[in-house]
Peer 1: 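Starting off with a structure, shown below.
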2 protein chains.
Amino acid sequence: MATAAEDRAVDWTTLRTCFGERFSQSQAVRDHHGRAETFYPAMPPDAVVYPLTTEEVATAVLFCKDRGIAVTPYGTGTSLEGNFLAVRGGLCIDLSRMDQVLRVSTDDLDCTVQAGVTRKQLNMELRDTGLFFPVDPGADASLGGMASTRASGTNAVRYGTMRQNALGLTVVLPDGRIIRTGGRARKSAAGYDLTGLFVGAEGTLGIITEVTLRLYGQPEAVSAAVCEFETLRGAVNAVIQTIQIGLPVARIELLDPLQMRAINGYSHTAYRECPTLFLEFHGTPAGVAEQAETFGQIAADNGGGQFNWATRTEDRTALWEARHKVHYANLALRPGCQAIATDVCVPISRLCDCIEETQRAIEESGLTAPIVGHVGDGNFHVLMIFDPNSADERARAKALSERIVEIALAMEGTCTGEHGIGLGKKAHLLTEHGAAVEVMRQIKRALDPSGILNPDKVLDL
Amino acid sequence: MATAAEDRAVDWTTLRTCFGERFSQSQAVRDHHGRAETFYPAMPPDAVVYPLTTEEVATAVLFCKDRGIAVTPYGTGTSLEGNFLAVRGGLCIDLSRMDQVLRVSTDDLDCTVQAGVTRKQLNMELRDTGLFFPVDPGADASLGGMASTRASGTNAVRYGTMRQNALGLTVVLPDGRIIRTGGRARKSAAGYDLTGLFVGAEGTLGIITEVTLRLYGQPEAVSAAVCEFETLRGAVNAVIQTIQIGLPVARIELLDPLQMRAINGYSHTAYRECPTLFLEFHGTPAGVAEQAETFGQIAADNGGGQFNWATRTEDRTALWEARHKVHYANLALRPGCQAIATDVCVPISRLCDCIEETQRAIEESGLTAPIVGHVGDGNFHVLMIFDPNSADERARAKALSERIVEIALAMEGTCTGEHGIGLGKKAHLLTEHGAAVEVMRQIKRALDPSGILNPDKVLDL
């Protein structure tokens, strides 16, 4: 495959003619598509196209295939592992203008959207149908991008991740072929599960252009609560017991005292700065009341104190807004700094040990690093704040990140619960999956023999 | 690859030495492994081995790879699409002696089993833990076989299929390599979803030797009910509304009047011979009562009559035993006959149309063919009874089966909800998935270049 330097000698005329003003090589556009919100250096593509249809995506891919040019798909640019950076330059396919909700079936609780539709846009369009799409990674990501990174987030403990909620896909393959995977039946035993293969492949096997999604009825009753604990162990044990008895909690988020301080500072709230759980229950009014009562007993058994309810929609929105803004809240702890977020996930029985060992590693590192996470899945984030101008802090953040993955893998966990491998975790993928990584490589080589699709991500070939 | 005739010239000494009495070429053993419960002709392997470990499976596969001999994995022989028939002779790897439950974690609600453990055996071993494994295809199939065919059954509407419940696998690849896929974390974004790829691949990409499974707490309260309807449309509409409002019913099975007659005749029951739903609710006592009340209202709105409860364990067991024995009950309708079961699945909104059009096709065929199914998923079976000695009836059954798939595909359904493609539905797979089937072929060729693993199943190369 051509290198970035060679790409710059490409004659783009054909694409420029095809796409008109939807083709760009302007420095501003290239820079915008080459910059992640994280600590990776900028890696701009050589050109950007904005297709409107699957066929246009196929045209762009075919152009690149014929010339051996790298192709990188781009949704909203909110992924965290450099998943869309144009390591080898080439063409960036920005799917954001493929923003049509193609079909909603209220009877079947499903819909089909173009890849550029964002989750908030979809939920806005669903508002009057009585349905909603639950997967919520915080950022207002595109649904194609969320499928590609196998995104999850706060609601996954109840509703699953993109793995469970993508029923079918339209995909453009590295040679320009268009396929449809999966379907609208709720289950099928017909052939290999290609939907599952492309979900989480981070655009290295094909470009997802349409997604058929499972939807859910808006719950009749919703209530949210904030519950304070004396100790982190108490809070985590409450989570573990909640999951073990099968309580169908919709959200259960852990925030450590430092995280609560960051939230108070940024969102102007007045929470006690102690280990805290943010919870949400969905169901019938009676069901929600029963769940809340059961959880209340579990919390009390584990030193949980104050249990503040937010049953009004606006109070719940404020609560989850504060939760979703932790990235910015944490950056505000040390203005001018950057953050790296780890996202390990362990079997729930090891969650307490994993968080405690992680806390010791944070202390040893001397870094400012709040903990927040989707603990119902055994998944949590350490948000390491570091001064980008300090080589020492950067090195310590990197080392801490590696150490946290080591801790999780030793407890039968995974190096990434939801951010994906991207550029940064390829070595961890090898540690975690060993010989199975060679099977992933065989599949990559079979589907993308010239390696043009999102090169250097997930796997080194 | 060698044909069956050439295989017979194989020198099996190495395997015979390795496996001792666990290697067999006796006619009885070969015949046993070459006979499906369905209408496929017998296709015996040339030899059978009974490994005890993953390493022994790898040894057997490597022996065959070096000699270009076909390898067919075998669990309990209960699959319905000829999935394990030795089309090209060769070696059958019978996994039934790999019957150890390797690990149960009550804290994490998961376990790891060898592939030959059956679902009933697992649930027996789990009995005192308070946990259970819900996927229930009727037959007491092995969990490796269930993973391989992406099995589901009566409980899938609530608990999902093997796709959702297999968390990780140990797999022997066609070249003898051993890999582990997935893991014990409840979610992961680390690399391609190989677990999803091998689940449902029917042993054509690798042989599953161990499965890590998701378990569930035994529900605090269970109640089952039989609900009679005046019309099939009424019964199906009740199902559709139940799913649409998100009632978390654990089982909801439709049986048509002919199916009820067959059950009464075989299981000595005295049900009214009308369109009937068999239901089961799982939850807390209050939750189950609430679900039952909600369903009662839906049933009444759709002409549902008598609502007979079975809350005692023995009554529930009798109910589901009668349901699970429909295959034999149907055969008893016409002694000496055979049965083919279709298993299409459609979006729930099309279920009523699909069943009604199917009924018309059954009438036109003149065949005896009861309908029973897991209608909560949009999945139902037509069990076509035919005289194996009548070429005419056999042809009509075959034609009806094709017609039912056509009806379902026209309604955005799938040709197989749970039995798999095997030998019989390869043409339907092409109709259903079109260009995507070539991607499946590319994956098959990449992982099994000499095509020794379960040849001629799922795909023609």
Side-chain angles (χ1 to χ4, degrees), chain A residues 105 107-108 149-150 152 156 161 163-164 177 179-181 183-194 196-197 200-201 216-217 244-246 284 286-287 290 345-349 377-379 412-421 429 432-433 435-437 439-440 442-443 446-447 458, chain B residues 105 107-108 149-150 152 156 161 163-164 177 179-181 183-194 196-197 200-201 216-217 244-246 284 286-287 290 345-349 377-379 412-421 429 432-433 435-437 439-440 442-443 446-447 458:
Chain A
S105 167
D107 287 346
D108 292 312
T149 51
R150 206 181 291 133
S152 51
T161 74
R163 180 179 194 256
Q164 284 83 32
R177 272 180 295 158
I179 61 166
R180 290 198 161 70
T181 72
R184 295 190 57 224
R186 273 306 155 99
K187 66 186 192 188
S188 172
Y192 305 160
D193 180 7
L194 297 182
L197 186 64
Y216 297 80
Q244 286 174 349
I245 67 157
T284 60
E290 193 182 28
C345 183
V346 294
I348 196 89
S349 68
D377 299 315
N379 181 208
E412 296 187 80
T414 177
C415 64
T416 170
E418 52 185 21
H419 297 166
I421 296 297
L429 181 69
E432 186 174 331
H433 285 296
V437 176
V439 175
M440 299 182 198
Q442 287 177 280
I443 292 169
L447 298 187
V458 185
Chain B
S105 166
D107 287 347
D108 292 312
T149 52
R150 206 182 291 134
S152 51
T161 73
R163 180 181 195 258
Q164 284 82 33
R177 271 179 296 159
I179 60 165
R180 291 201 160 71
T181 72
R184 294 191 57 222
R186 271 307 155 96
K187 65 185 194 190
S188 171
Y192 305 161
D193 180 6
L194 297 183
L197 186 63
Y216 297 81
Q244 286 173 349
I245 66 158
T284 60
E290 193 182 30
C345 182
V346 294
I348 196 88
S349 69
D377 298 315
N379 181 208
E412 297 187 80
T414 177
C415 66
T416 171
E418 51 186 21
H419 298 165
I421 297 296
L429 181 69
E432 185 175 331
H433 284 296
V437 176
V439 176
M440 298 182 198
Q442 287 176 281
I443 293 169
L447 299 188
V458 185

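Letters go in sequence order (proteins before strands), and every chain restarts at 1.
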Peer 1: Taking only residues two or more places apart in sequence or in another chain, which ones pass salt bridge (charged side-chain N to carboxylate O under 4.0 Å, His left out) with B/Arg163?
Peer 2: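 Salt bridge (charged side-chain N to carboxylate O under 4.0 Å, His left out) list for B/Arg163, sorted by chain: A/Asp193.
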Peer 1: Non-hydrogen atoms of chain B under 4.5 Å away: do they reach the side chain of A/Cys345, the backbone, both or neither?
Peer 2: both
Peer 1: What part of A/Leu194 gets within 4.5 angstrom of chain B, counting heavy atoms only: side chain, backbone, both, or neither?
Peer 2: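 The side chain, not the backbone.
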Peer 1: For chain A, which of B/Glu290, B/Gln164, B/His419 has the most heavy-atom pairs under 4.5 Å?
Peer 2: B/Glu290
Peer 1: Heavy atoms only, distances under 4.5 angstrom: which of B/Ala185, B/Ala190, B/Ser105 has the most pairs with chain A? Name it, please.
Peer 2: B/Ala190
Peer 1: Let's test your reading of the structure: which of B/Gly287, B/Ala435, B/Gly191, B/Gly217 forms the most heavy-atom pairs below 4.5 Å with chain A?
Peer 2: B/Gly191
Peer 1: Quick one: which of B/Arg186, B/Arg180, B/Gln244, B/His433 has the most heavy-atom pairs under 4.5 Å with chain A, could you say?
Peer 2: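 Highest number of pairs under 4.5 Å: B/Gln244.
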Peer 1: Heavy-atom cut-off 4.5 Å, strictly under: side chain, backbone, both or neither for A/Asp108 against chain B?
Peer 2: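 Contact with chain B is through both the backbone and side chain of A/Asp108.
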Peer 1: Identify which of A/Val437, A/Val346, A/Asp377 forms the greatest number of heavy-atom pairs closer than 4.5 Å to chain B.
Peer 2: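 Among the listed options, the one with the most contacts to chain B is A/Asp377.
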Peer 1: Output the option from A/Ala286, A/Ser188, A/Gly200, A/Ala156 having the highest count of non-hydrogen pairs under 4.5 Å with chain B.
Peer 2: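 Heavy-atom pairs under 4.5 Å are most numerous for A/Ser188.
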Peer 1: According to salt bridge (charged side-chain N to carboxylate O under 4.0 Å, His left out), who are the partners of B/Glu432, at least two apart in sequence or on a separate chain?
Peer 2: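 Scan of B/Glu432 (salt bridge (charged side-chain N to carboxylate O under 4.0 Å, His left out), adjacent residues dropped) gives none.
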Peer 1: Taking all heavy atoms of A/Ile179 and all of B/Val439, pick out the closest pair and write down the distance.
Peer 2: CD1-CG2, 3.9 Å
Peer 1: Distance only, no hydrogens: is a donor on one side chain within 3.5 Å (strictly under) of an acceptor on the other, for A/Thr161 and B/Lys187?
Peer 2: no
Peer 1: Could you grab the distance from atom CG of B/Leu197 to atom CE of A/Met440, nearest 0.5 Å is fine?
Peer 2: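 Nearest 0.5 Å value for the CG-CE distance: 10.5 Å.
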Peer 1: So what's closer than 4.5 Å to chain B heavy atoms on A/Leu429: side chain, backbone, both or neither?
Peer 2: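 For A/Leu429, the side chain is the part near chain B, not the backbone.
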Peer 1: Give the member of B/Ala201, B/Ala446, B/Ala436 that has the highest number of heavy-atom pairs under 4.5 Å with chain A.
Peer 2: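 Heavy-atom pairs under 4.5 Å are most numerous for B/Ala436.
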Peer 1: Shorter than 4.5 Å, heavy atoms on both sides: which option in B/Gly420, B/Cys415, B/Gly246 has the most such pairs with chain A?
Peer 2: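 Of B/Gly420, B/Cys415, B/Gly246, B/Gly420 has the most heavy-atom pairs under 4.5 Å with chain A.
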Peer 1: Based on non-hydrogen pairs under 4.5 Å, which of A/Leu447, A/Thr149, A/Ile245, A/Val458 is most in contact with chain B?
Peer 2: A/Leu447
Peer 1: If I take atom CD1 from residue B/Ile443 and atom CD1 from residue A/Ile443, how far apart are they, to the nearest 0.5 angstrom?
Peer 2: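 Going from CD1 on B/Ile443 over to CD1 on A/Ile443, the span is 5.5 Å.
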